[in-house]
Q: 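Below is the structure I would like to discuss, written out as structure tokens.
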Amino acid sequence: MPSSNADGRYDAVAQAFHWLIVALVAIQFVLAKAAMSLPLGLHKLILFARHKSFGMTILMLAVLRLAWRLRHPPPPLPHGMTAAERMLAHATHTAFYVLLIAMPLTGWMMSSAKNYSVSWFGLFTWPDLIRPDEAAFKLLRETHDLSSNLLLAIVVLHVLAALKHQFWNKNDALLRMLPLTRSKRRS
Ligand code: HEM
Ligand code: HEM
């Protein structure tokens with residue numbers, strides 16, 4: 001397996017985790033917003049069941065991704081970034097990992113608090129995390145909702161930063177995370 005540090009790029013596994021999770025997070029927002037707009041009924045329940053299954057998949061992938069990262073440290077940030085940019089990049093990455101774990105956990109706990117089961121694509125059911133509790137449900141729902149707004153804001157910041165570094169600073173920051181590309185510049 002090629003090392004992520006060998007040529008200043010993320011390795012294939014890190015790239016696969018990154019883009020798979022990006023796609024699943026996008027699906028999560030589409031499913032949640034579509035489900036929320038529907039009246040109570042079978043269609044709404046089906047969309048939420050999918051939302052929960054994909055959300056639990058994100059939780060598993062985020063844990064695996066962190067485990068992979070521990071053994072395969074990412075390449076250093078590109079040269080030429082200011083101290084503030086470096087700090088912001090590290091803070092953004094950390095916030096992503098926290099949210100990719102916290103969001104599924106709050107969703108899972110919210111479902112337990114409402115006494116709704118959480119299945120994984122109908123294959124098995126996850127255990128309840130907490131006892132039914134209406135006050136806890138409300139708090140967790142608010143936390144889940146706020147976290148989703150925070151995640152969205154960080155994604156916008158992250159994408160703008162990636163595009164700025166690629167096209168303004170021309171340091172190939174975006175190419176480091178793209179498969180089937182080569183970085184001309186070394187980080
Ligand atoms: C990274 C994973 C996840 C993301 C990005 C995500 C995102 C969202 C978003 C954007 C909403 C709509 C919020 C709103 O407009 O008020 C939502 C609602 C919801 N999510 Fe998630 N979610 C994730 C994981 C989960 C998981 C794993 C579960 C349950 C096991 C879950 C259960 C719910 C429920 C029940 C709602 C509806 C809350 C309500 O009635 O207001 N979510 N989620
Ligand atoms: C849900 C959306 C996204 C999430 C959760 C996310 C998450 C992350 C995380 C956690 C890292 C750090 C990887 C590590 O060092 O372990 C990262 C790096 C990166 N992401 Fe994203 N990302 C998202 C969307 C995007 C998009 C849409 C782009 C493309 C414009 C992008 C481009 C990059 C690039 C270029 C890097 C490497 C940055 C560097 O070298 O410091 N990401 N992303």
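If you read the sequence from its start, that first residue is 1, and numbering goes on from there. Note that ligands are numbered from 1 as they come in the structure, with each ligand's atoms numbered from 1 the same way. Note that this is a predicted model, so its numbers are computed, not measured.
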Q: Are Leu151 and Met36 linked, directly or through intermediate hydrophobic residues, by side-chain heavy-atom contacts shorter than 4.5 Å (ILVMFWY only)?
A: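 Different clusters: Met36 never reaches Leu151 through Ile, Leu, Val, Met, Phe, Trp or Tyr contacts under 4.5 Å.
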Q: Is there a side-chain contact between His144 and Met109, using heavy atoms and a 4.5 Å cut-off?
A: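 When only atoms from C-beta onward are counted, Met109 and His144 do not touch, as no gap falls below 4.5 Å.
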Q: Identify, by atom number and element, the atoms of ligand 2 in contact range of Arg69, meaning under 4.0 Å from any of its heavy atoms.
A: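 Near Arg69, meaning under 4.0 Å from one of its heavy atoms, ligand 2 has 14 (C), 15 (O), 16 (O).
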Q: Taking atom NZ of Lys33 and atom CG of Leu47, what is their separation to the nearest 0.5 Å?
A: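 Here the interatomic distance stands at 14.0 Å.
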Q: Test of understanding: given a 4.0 Å heavy-atom threshold, classify the contact between Phe17 and ligand 2 as side chain, backbone, both, or neither.
A: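 The answer is neither.
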Q: Which ligand 1 atoms, with their elements, are less than 4.0 angstrom from a heavy-atom of Val118?
A: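 Every atom of ligand 1 under 4.0 Å from some heavy atom of Val118: 30 (C).
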Q: Considering heavy atoms of the protein only, find what lies nearest to atom 2 (C) of ligand 2 and give residue, atom and distance to 0.1 Å.
A: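 Protein heavy atom at minimum distance: Val155 CG2, 3.7 Å.
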Q: Give me the nearest non-hydrogen protein atom to atom 9 (C) of ligand 2 as residue plus atom name, then the distance to 0.1 Å.
A: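 Closest protein heavy atom to atom 9 (C) of ligand 2: Arg65 NH2, 3.3 Å.
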Q: Which N, O or S atoms belonging to the protein are less than 2.8 Å from atom 21 (Fe) of ligand 1?
A: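 Listed by chain and number, the nearby protein N, O or S atoms are His51 NE2, His144 NE2.
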Q: Looking at ligand 2, does Trp19 have a heavy atom less than 4.0 Å from it?
A: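 Within the 4.0 Å threshold, so yes.
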Q: Of all the atoms in ligand 2, which lie at a distance below 4.0 Å from a heavy atom belonging to Val25?
A: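 Selected atoms, number and element: 1 (C).
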Q: Going by the atom numbers of ligand 1, which of them fall below 4.0 Å from some non-hydrogen atom of Phe29?
A: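 Listed by number with element: 5 (C), 10 (C).
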Q: Inspect the surroundings of CE in Met60 and state if more than 12 heavy atoms from other residues, nucleotides or ligands are less than 6.0 Å away.
A: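 Check passes, neighbour count above 12.
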Q: Return yes when Leu100 approaches ligand 1 closer than 4.0 angstrom through a heavy atom, no otherwise.
A: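 No, that is not the case, since the closest heavy atom of the residue is not under 4.0 Å from the ligand.
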Q: Select one of side chain, backbone, both or neither to describe which atoms of Leu174 lie under 4.0 Å from any atom of ligand 2, heavy atoms only.
A: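 Both the backbone and the side chain of Leu174 come within reach of ligand 2.
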Q: To the nearest 0.1 Å, how far is atom 37 (C) of ligand 2 from its closest protein heavy atom, and which atom is that?
A: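 For atom 37 (C) of ligand 2, the nearest protein heavy atom is Tyr10 CE1, 3.5 Å.
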Q: For atom 41 (O) of ligand 1, find the nearest protein heavy atom and state the residue, atom name and distance (0.1 Å precision).
A: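 I find the closest protein heavy atom is Arg141 CD, 2.9 Å.
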Q: Polar contacts were defined as any N/O atom of the residue lying under 3.5 Å from an N/O atom of the ligand; does this apply to Asp145 and ligand 1?
A: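 Looking only at distances, the answer is yes, because the N/O contact criterion of under 3.5 Å is met.
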Q: What's the separation between atom CZ in Arg176 and atom OG1 in Thr181, rounded to the nearest 0.5 Å?
A: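 Reported to 0.5 Å precision, the distance equals 11.0 Å.
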Q: Using modelled atom types only, decide if a donor and an acceptor are shared between the side chain of His158 and the backbone of Ile154 within a distance under 3.5 Å.
A: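 It does not hold such a pair.
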Q: Taking the side chain as C-beta and beyond, is there a heavy-atom pair between Ile130 and Leu140 under 4.5 Å?
A: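 Heavy-atom side-chain distance check passes, below 4.5 Å.
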Q: Which protein N, O or S atoms lie under 2.8 Å from atom 21 (Fe) of ligand 2, given by chain and residue number?
A: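 Less than 2.8 Å away from atom 21 (Fe) of ligand 2 sit His18 NE2, His158 NE2.
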Q: Please determine whether any non-hydrogen atom of Lys114 lies less than 4.0 Å from an atom of ligand 1.
A: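 In this structure, Lys114 fails to qualify as a contact of ligand 1 - no heavy atom is under 4.0 Å.
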Q: Could you tell me which atoms of ligand 2, counted from 1 in the order shown, lie closer than 4.0 angstrom to a heavy atom of Pro74?
A: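 Every atom of ligand 2 under 4.0 Å from some heavy atom of Pro74: 15 (O).
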Q: Please report the interatomic distance CE(Met103) to OG1(Thr106), rounded to the nearest 0.5 Å.
A: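 Rounded to the nearest 0.5 Å, the CE-OG1 separation comes out at 5.5 Å.
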Q: Rounded to the nearest 0.5 Å, how far apart are CG of Leu31 and CZ of Arg50?
A: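 Reported value, rounded in 0.5 Å steps: 8.0 Å.
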Q: Hey, is Leu77 touching ligand 2 through its side chain, its backbone, both or neither, going by heavy atoms under 4.0 Å?
A: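 The answer is the side chain.
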Q: With distance as the sole test, does Trp19 use its side chain to make a donor-acceptor pair with the main-chain N or O of Met177 at under 3.5 Å?
A: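 Judged by distance alone, yes, a pair lies under 3.5 Å.
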Q: Please report the shortest heavy-atom distance between Pro104 and Leu59, naming the atom on each side.
A: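 Between these two residues, the closest heavy atoms are CB-CB, 3.7 Å.
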Q: Taking all atoms of both residues into account, what is the closest heavy-atom pair of Arg86 and Pro78, and its distance?
A: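 Residues Arg86 and Pro78, closest heavy atoms: NH2-O, 3.1 Å.
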Q: Tell me the protein heavy atom at minimum distance from atom 35 (C) of ligand 1, and give that distance in Å.
A: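 Closest protein heavy atom to atom 35 (C) of ligand 1: Met110 SD, 3.7 Å.
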Q: Treat each ILVMFWY residue as a node, draw an edge where side-chain heavy atoms are under 4.5 Å apart, and state whether Val98 and Leu66 are in one component.
A: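 The answer is no; the residues belong to distinct hydrophobic clusters.
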Q: Only heavy atoms of Ser111, strictly under 4.0 Å: list the atoms of ligand 1 that pass.
A: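 Those of ligand 1 that fall under 4.0 Å from Ser111 are 29 (C).
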Q: Any pair with a residue in residues 114-126 that passes side chain to side chain donor-acceptor pair (under 3.5 Å), sequence neighbours left out, goes on the list, sorted by first then second residue, please.
A: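 Qualifying pairs, neighbours excluded: Thr57-Trp120, Lys114-Glu134.
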Q: Just jot down the ligand 2 atoms closer than 4.0 angstrom to any heavy atom of Tyr97, in number order.
A: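 Reading through ligand 2 atom by atom, the close ones are 10 (C), 13 (C), 14 (C), 16 (O).
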Q: Using a heavy-atom cut-off of under 4.0 Å, does the side chain or the backbone of Phe48 touch ligand 1, or both, or neither?
A: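 It is the side chain that touches ligand 1; the backbone stays farther off.
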Q: Under the side chain to side chain donor-acceptor pair (under 3.5 Å) rule, what pairs show up with a residue in residues 92-103, not counting sequence neighbours?
A: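 Of all non-adjacent pairs touching residues 92-103, those that pass side chain to side chain donor-acceptor pair (under 3.5 Å) are Arg65-Tyr97.
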Q: Is it the case that the side chain of Trp108 and the backbone of Pro127 share a donor-acceptor pair, with hydrogens and angles ignored and the cut-off at 3.5 Å?
A: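 Confirmed, Trp108 side chain pairs with Pro127 backbone.
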Q: Considering only the protein, which heavy-atom contact is closest to atom 40 (O) of ligand 2, and what is its distance?
A: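 Here the closest protein heavy atom is Arg176 NH2, 2.5 Å.
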Q: So does Pro74 get a backbone contact from the side chain of Arg69, meaning a donor-acceptor N/O pair under 3.5 Å?
A: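 Flag not set: sc Arg69 to bb Pro74 has no pair under 3.5 Å.
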Q: Which pair of non-hydrogen atoms, one from Ala89 and one from Met81, has the smallest distance, and what is that distance?
A: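 Reported closest heavy-atom pair: CB-CE, 4.1 Å.
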Q: Hey, is CG on Leu40 packed in by over 12 heavy atoms from elsewhere, all under 6.0 Å?
A: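 It does not: Leu40 CG has 12 such atoms or fewer within range.
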Q: More than 12 heavy atoms of other residues, nucleotides or ligands under 6.0 Å from NZ of Lys164: is that the case?
A: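 It does: Lys164 NZ has more than 12 such atoms within range.
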Q: Give the numbers and elements of all ligand 1 atoms closer than 4.0 Å to a heavy atom of Met56.
A: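 Going through ligand 1 atom by atom, the ones under 4.0 Å from Met56 are 27 (C).
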Q: Please state which part of Lys33 comes within less than 4.0 Å of ligand 1, counting heavy atoms only: side chain, backbone, both or neither.
A: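 The side chain, only.
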Q: Measure from atom 12 (C) of ligand 2 to every heavy atom in His93, Glu85, His165, His72 and give the option owning the shortest one.
A: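 Selected option, by shortest heavy-atom distance: His93.
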Q: Check Asp133 against Ala135 and note the closest heavy-atom contact, atom names and distance.
A: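 Minimum heavy-atom contact is OD1-N, 3.0 Å.
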Q: Do you reckon Phe96 sits in the same ILVMFWY cluster as Leu64, going by side-chain contacts under 4.5 Å, direct or chained?
A: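 Result: yes, single cluster for both.
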Q: Given that the side chain starts at C-beta and the backbone is N, CA, C, O, which of these parts of Ala173 lies under 4.0 Å from ligand 2, counting heavy atoms, or is it both or neither?
A: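 Looking at Ala173 and ligand 2, just backbone atoms fall under 4.0 Å.
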